[in-house]
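Side-chain atoms are counted along with the backbone in the values below, which use heavy atoms only and exclude waters and symmetry mates. The model shown is predicted, which means the values in this text are computed figures rather than measured ones. Order of the sequence lines fixes the chain letters, A, B, ..., with proteins taken first and strands second; residue numbering starts at 1 for each chain.
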Amino acid sequence: MADVDVRLVNVTKMFGDQTAVDGITLDVSDGEFFTLLGPSGCGKTTTLRMIGGFEQPTSGLIELKGEDVTFLPAHERDVNTVFQSYALFPHLTIFENVAFGLRRSGIKGDEVTRRVGEALELVQLIGYEKRKPAQLSGGQAQRVALARALVNRPAVLLLDEPLGALDLKLRKQMGIELKRIQREVGITFIYVTHDQEEAMTMSDRIAVMNKGRYEQLAGPETLYERPTTRFVASFVGASNLLEGKIGSDGDSWTVTLPSGDVVRAPKSLGEIGTGGAIGVRPEKLTLLEPGQESKGNRLDGTVVDTSYLGVLTQYTVEGAGGLRLLVSEQNVDRTTRSDTWRPGERVALTWKPDHGFVVGDSKSA
Amino acid sequence: MIAFLRRRPGLLPLLLLAPAIAWLVAFYVYPAIQMLQASLWSGTLETGFAFSWANAATYPEALGRYSDQFLRSILYAAVSTLVCLALAFPLAYTIAYRAGRWRTILLFIVIAPFFTSFLLRVLAWKTVLGDDGFLLGPLKAIGVLPEEFRILATPVAVIFGISYNFFPFMVLPIYVSLEKIDRRLVEAAKDLYAGPARAFQRITLPLALPGVFAGSLLVFIPAMGDFVNAELLGSVQTRLIGNVIQSRFLVNNDYPTAAALSFMLMAGILAAVFIYARVLGTDELESGIG
C-alpha cells in the first residue's frame, strides 16, 4: 500500500462521562476509499469530526500526512468535509459556494473560475453556477457539496453519510458516481455510513464500529466471508450463528449444539476462543430431502417460512431444540412457486465446513 | 357557510383578511383622510376652519419653520438605531449561541421592561440621570465630575432614552434570525479554511441581515415620531418633530400645521425605509433564505 494519509493513535473522545470513541488506532492509506460503518451512536461520526477538526480528542493523537494535527483548528487542516445535510450556504450562488474555499486560500480571478468550472464538470453540474441552493434537488445539492469540497484538492475528503438524505434509487446511482469520482481524483476518502450495502460496494476497506471502537477492519469480501465477531457477522449481511459447547477435533473446531448435533469449522478460519461460535451465511446452506446423502455439516429441520424474493427464495428452517436458521436459495432451476419447499416440510440442511466462519470471544457483546 | 366556501375556495383569503382590512379602514385610512383634509384647512378653533386646496402652502411653510426639529428627529433616530444595533447584536449573538440554559432567562430580561409602563420607565430614568441623582450625585461629591456636569436635558439623555426604550425591538428580530441559522453552515465555512472572523463575516452576518433590517425599522420608525423622551429627558434645545406635532395639536390647536407635519413625517419615514431597503437589498436576502 501507499503512504499513510491519516493516522489515529489511541484516540478517545468523552462527552461528559459518556465515551463516544474508545481508543481507536488506525491508518488510512493514500488514495484509499475507507469506510467507518456502524449503527447510530457507535462513534463513527465523532471519529470523522475529530479528523475534520470539529471535535478535539480527549486523548490520543491524530496525524495527517505524518503531521500532528490533533489540536489544529478545522480551517487550518488540509481536509474537507461533505456534510450529512450538505450545509450549502443559502445566500450564495452555486458558483460562490464552490469558490468559497478557493477564495479563503487566496486564489483569485481566472484561476477560481477555471477550478470551479472543473469541479462542477466533475459532478456534472455545468450551467448551475448562478442558481441558489434552494433551487436545487437533493441529488444536485449533494453534488454541489461534493464539488465544494473537492475543488480545494484536499489531502483527505471526509464524507458524513452524504447519501443519507437521498431516496434509494438516487442513493445507488450516487454511490457509483462517488466511486468514479474518487478514482478520477485519487483523493483519500473517509466515508461514514450505517448502510452496509453502501459500504460494501464502494469501500476498499471498512472498519465496522460498535460502541466507540471498531470490531473488525478489513476489505468488504473478508468482512462478509470471514467476520470475526458476532456483531460484525450480524451487522454485515445476515448470519446463522451456531452456539454450543466448544471443542476441538484435529484440524477442526467443533460446536456441540444443545440438540446434540455437532457442527465443524476448520481451525484455519480463525480462533474460536472459549466463548465463540461457528457461523454460516444463508446462501451457503443447501436444502435436501431428509433421506438424501450429504458430506460436511448436516442438520435436520422443518421449514417454517418461505419467502419468494425473485432472484432468490428465503426459508426459515427450525431445527431440533428450537434452533432457527435462515437459508437462501438462488432461483435457478425453479420457474414457479410450486417448486419451492413448503412450510411444514421436513428437510436436511448441509454446508461444507470451510464455507462457514468462526467468531471468537466477543469483546463487547 | 363552509359548503359555500368549498365551492368558491378563492374567497377564503379575502374572508381571513376581512377583519384586518376593516380595522385598517376604520382606524387608519379614515383618520388619514381626515388628517389630509385638516392639513388643508385654514382658520382657528375660534373662527372655525375652512377647507381649500390653496392651503397646501401650509406644507412648505411648516417644513421651513420646523426644519431644525425635523433634522434633529432624523439625527436622533439614526443615532439611536445605531446605538441599539451596536448593543443588540452582541447580546442577541450571545443569547442565540452562548447562553445555553440561560437563554430563556436572558430573553425574559430583555423584554422585562415592557411589564412597566413606558412613561414610568422614562420618568425613572429622569430620576436616575438627575443632576444630583444617585448616578451623578456621588461622582460629583468625590470630585470625579465637575459640579455643572449634567446628562439630563442634553441630546445624550434623549438619545439614551430612545435607545433604551426601543432596544428590545432590535434584540428580538436579530436573535430570531441568528437562532435560525444552521450552525453547520459555520462549521462548513471553517472546513473551507475560513477562520472564526471570516466565517462570521461571510456566513453569520449576511444570514442575520434580515433581522438587522427588521430591528432597525422597528427602532427607527417609532424613534422618528418620539416626543416623550425629548419631553421628559430633554430640553428646548432637543425638541423633536414629535414634540412640535404634539404641541401644535394639543396646545396651540393649530390643526392644519400639525396635520401637515404628520404627513411629511410619514412621507419622510417611507422614503427612508425605501432607501434603506434598497441599500440592504432585502429581496436578494429573502431569496437566499427561502
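Put simply, of A:Asn80, A:Thr81, A:Leu158, the one with the most heavy-atom pairs under 4.5 Å next to chain B is A:Asn80. Among the candidates A:Pro133, A:Ser85, A:Ser105, A:Ala149, the residue making the largest number of heavy-atom pairs closer than 4.5 Å to chain B is A:Ser85. Contact count against chain B (heavy-atom pairs under 4.5 Å) is highest for A:Gly101 among A:Gly101, A:Gly52, A:Pro73. With chain B as the partner, the residue from A:Gln84, A:Arg148, A:Gln135 showing the most heavy-atom pairs under 4.5 Å is A:Arg148.
Contact check for B:Arg184 versus A:Tyr86: no side-chain heavy atoms found under the 4.5 Å cut-off.
In this structure, chain B has no heavy atom under 4.5 Å from any part of A:Leu102. Residue A:Arg103: no heavy atom, backbone or side chain, is found under 4.5 Å from chain B. Proximity to chain A (any heavy atom under 4.5 Å) is shown, for B:Ala189, by both the backbone and the side chain. Heavy atoms of A:Arg49 lying under 4.5 Å from chain B belong exclusively to its side chain. The part of B:Arg198 that comes within reach of chain A is its side chain, from C-beta onward, which places non-hydrogen atoms under 4.5 angstrom from that chain.
Atom CD of A:Glu184 has more than 12 heavy atoms from other residues, nucleotides or ligands within 6.0 Å. By the 6.0 Å contact criterion, CG on A:Asp167 is enclosed, its count of non-hydrogen atoms from other residues, nucleotides or ligands being greater than 12. Heavy-atom contacts from other residues, nucleotides or ligands closer than 6.0 Å to CD of A:Glu118 number more than 12. More than 12 heavy atoms of other residues, nucleotides or ligands lie within 6.0 Å of CD in A:Gln124, so this atom counts as buried by the packing criterion.
Going from atom CG of B:Leu185 over to atom CZ of A:Phe83 covers 9.0 Å, rounded to the nearest 0.5 Å. To the nearest 0.5 angstrom, A:Glu76 atom CD is 11.5 Å from B:Lys190 atom NZ. Going from atom CG of A:Leu92 over to atom CG of B:Leu207 covers 8.0 Å, rounded to the nearest 0.5 Å. Between atom NE2 of residue A:His75 and atom CG of residue B:Asp191 there is a gap of 11.5 Å, rounded to the nearest 0.5 Å.
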- Under the side chain to side chain contact (heavy atoms under 4.5 Å, CB included) criterion, do A:Phe100 and B:Arg202 qualify, and how do the steps go? CA-CA 9 Å; A:Phe100 195 91; B:Arg202 296 283 169 176; 3.8 Å; yes

- Dump the intermediate steps for side chain to side chain contact (heavy atoms under 4.5 Å, CB included) on A:His91 and B:Leu209, then the final yes or no. CA-CA 11 Å; A:His91 57 304; B:Leu209 276 189; over 6 Å; no

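Taking each heavy atom of A:Arg104 and B:Tyr193 in turn, the nearest pair found is CB-O, 3.8 Å.
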